[in-house]
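One structure is given below, encoded as structure tokens.
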Amino acid sequence: MLILLQTLATGIVLAGLYSLFAIGLSLGWGLLHTINFAHFSFVLLAAYVTYELSTAAGWDPVVTMVVTAPIGALLGLGLQLFVTTFKIDVFGTLIVTFGLFLIFEAAMAMRWTADLLRLPSEINPYFTSAVRIGPIRVSMLLTIATALAVLACVGVWWLLKHTRTGRGIRAFVQEPEMAAAFGVNYPQLSLVIAGIAGATAGLTGTILGMYLSLTPTVVEVWIAVVFAVVLLGGLANPIGVMGAAFVIGMVESFTRQFADPAMARLMALVVLIIVLVFRPEGLFKRLVQEARE
Amino acid sequence: MLEVRGLHAAYGEAEVLRDVSLTVPEGRIVALLGPNGAGKTTLVKAIARLIPITAGQVSVGEVDLQRLPRHRVVEAGVAIVPEGRRLFTQMTVEENLLLGAYSHTARASLKETLALVYARFPRLEERANQRAGTLSGGEQQMLALGRGLMATPRFLLMDEPSLGLSPLLTAQMFALIEGVTELGVGVLLVEQNVARTLEIAGYGYVLEQGRIVQEGDREALLGSERIREAYLAL
């Protein structure tokens, strides 16, 4: 019983990390028509920034978020401006951002080399300490990630559902011409979304900077599982992202505990494929569908 | 006064509107008649700046709409009730209305306008939390009109509001359109139902192959051979 609860708890915080990682990608794809492969680069760059500020400047690694979130937001804004200026379509963005991803990877390899960089445990207590709920222990770091994820996802959901800005964005995604006719200034609103998406990449980077040994290619193994969460969650549906991350996190946690740890990620992708066969839209609906003409 | 002067518009090489001029006074209904393919919808879209024009001018009072960014045309006082309604079908009825009042000018009086629209369309208030796409055709057309009014326009461009409605609903819709003028709003009304349209419109233009071929007040149009033969089948 205890093992079951422990596995459940581990699954939940893993889901937290996955939702934090996926929400920005899901927003960009669903609302801005940008499949942003460079999201992974933004995350890794932020992770390196956290590493630098913690080791060289002696910051508490969690505090580095005040720098990484704005960096992520600026990168998101820059990309969005580029995409709107050159009117790149959704598949175009996949190609362009994949190119960016490779450029970032090369640049980071030049700056930080291919060596493993790990925050020393004495300045990174979050990695080793745990939160205890009775007999159950969960990683302090992943608990922080989960709190951030809930904040980000619920915050974005509220923004989209209950604010004037959110209404304008949803209206534009459905009926761009009519939304503009009633005063929606989409280029401006799209920057809000791009900034938020970028900021979540920054936050994810700080978490991963404390969680992983950094190399310029370390995010690559996360690509498949994060895309799985994005697709299962229904595009631009923040609550769906959390739900999908929960499913994937649980599958991983239980596989790791009760079967083979090496199979954990693989099982998550098997679940993705099975779900997509039966429900091509994902487990959850898109927040807004484009109007069918 | 909504004024269109010497307007030309084209899709690629094909010129769709040629030297179109018309005026819509506040608080009046002006009919825009003409066969399918004459360019009526194009004209409406060009006025609302949804498509570019190649020459001419569209102005509300002193404001030249062509000089405004597209999303600010509504602030100058021009709202649209488009052909096919084009609601935000996945949003609720109330969200559609709120979106109608998205502009800065409309937002100031949002509460009052919403109360006014609900008073005129009690049906919409009953269904406030229903998704717009689940409404009946008549209700959807009411919502499109309500959304247009939420923008607190001085001029409303209405493109085929009775399309697809039953005769009873069509009669209701025309009564609602007439009611709009009581608010001081000028209406440019594009309609297939010429007989009914000329009952409520004081003035009208006939558009054929992209040109205004005839204009006049109700009596002149009803008395004209061309209108009687081509549109009223008398």
Side-chain angles (χ1 to χ4, degrees), chain A residues 26-27 29-33 80-81 84-85 87 156-193 233-240 281-282 284-293, chain B residues 41 44-51 65 68-92 94-108 110 113 129 131-133 143-144 146-153 155-157 159:
Chain A
S26 180
L27 289 175
W29 194 342
L31 301 177
L32 310 176
H33 301 297
Q80 180 60 22
L81 284 175
T84 31
T85 307
K87 296 188 172 39
V156 167
W157 173 83
W158 184 83
L159 173 87
L160 289 174
K161 209 74 186 172
H162 293 291
T163 68
R164 176 171 172 267
T165 302
R167 262 199 304 279
I169 292 165
R170 283 188 291 143
F172 193 91
V173 172
Q174 283 179 57
E175 273 283 0
E177 214 174 44
M178 279 304 114
F182 283 98
V184 174
N185 182 1
Y186 178 73
Q188 201 180 51
L189 297 189
S190 70
L191 290 180
V192 175
I193 296 298
L235 293 180
N237 179 347
I239 307 301
E281 292 198 349
F284 302 88
K285 276 194 180 160
R286 295 181 69 142
L287 187 71
V288 281
Q289 232 102 26
E290 284 111 274
R292 276 160 299 202
E293 284 288 309
Chain B
T41 295
V44 164
K45 286 186 165 184
I47 294 172
R49 287 225 37 210
L50 296 178
I51 56 166
L65 297 191
L68 298 176
R70 192 168 70 158
H71 67 270
R72 297 197 56 199
V73 168
V74 67
E75 291 173 20
V78 177
I80 185 166
V81 179
E83 186 180 15
R85 309 185 269 263
R86 304 192 46 192
L87 299 169
F88 307 110
T89 49
Q90 311 211 8
M91 292 163 74
T92 66
E94 183 145 310
E95 283 177 329
N96 271 269
L97 293 174
L98 293 177
L99 204 283
Y102 187 89
S103 74
H104 290 287
T105 43
R107 197 155 51 123
L110 174 69
T113 329
N129 294 316
R131 281 200 311 127
L143 181 54
R147 178 179 67 177
L149 290 176
M150 287 299 294
T152 59
F155 300 97
L156 206 48
L157 312 173
D159 197 353

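Heavy-atom basis, side chains included; hydrogens, waters and symmetry copies ignored. Since the model is a prediction, treat every value here as computed from it, not as a measurement.
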Pick from Thr105(B), Leu98(B), Val73(B), Asn96(B): which one has the most heavy-atom pairs with chain A under 4.5 Å? Leu98(B)
What part of Arg49(B) gets within 4.5 angstrom of chain A, counting heavy atoms only: side chain, backbone, both, or neither? neither
Looking only at heavy atoms, what is the nearest atom pair of Gly30(A) and Leu235(A), with distance? CA-CB, 3.8 Å
Arg72(B), CZ: over 12 other non-hydrogen atoms inside 6.0 angstrom: no
If you count heavy-atom pairs within less than 4.5 Å of chain A, which of Arg147(B), His104(B), Lys45(B) leads? Arg147(B)
Given that the side chain runs from C-beta out, which part of Glu95(B) has a heavy atom under 4.5 Å from chain A: side chain, backbone, both or neither? both
Can you classify the ring geometry of Trp157(A) versus His162(A) as parallel (below 30°), tilted (30 to 60°) or perpendicular (above 60°)? perpendicular
Side-chain contact test, heavy atoms from C-beta onward, threshold under 4.5 Å: evaluate it for Met178(A) versus Ile80(B) and give yes or no. yes
Apply side-chain hydrogen bond (donor to acceptor under 3.5 Å, both in side chains) to the pair Ser103(B) and Glu75(B), showing each step before the final yes or no. CA-CA 6 Å; Ser103(B) 74; Glu75(B) 291 173 20; 5.4 Å; no
Ala151(B) versus chain A, heavy atoms under 4.5 Å apart: side chain, backbone, both or neither? side chain
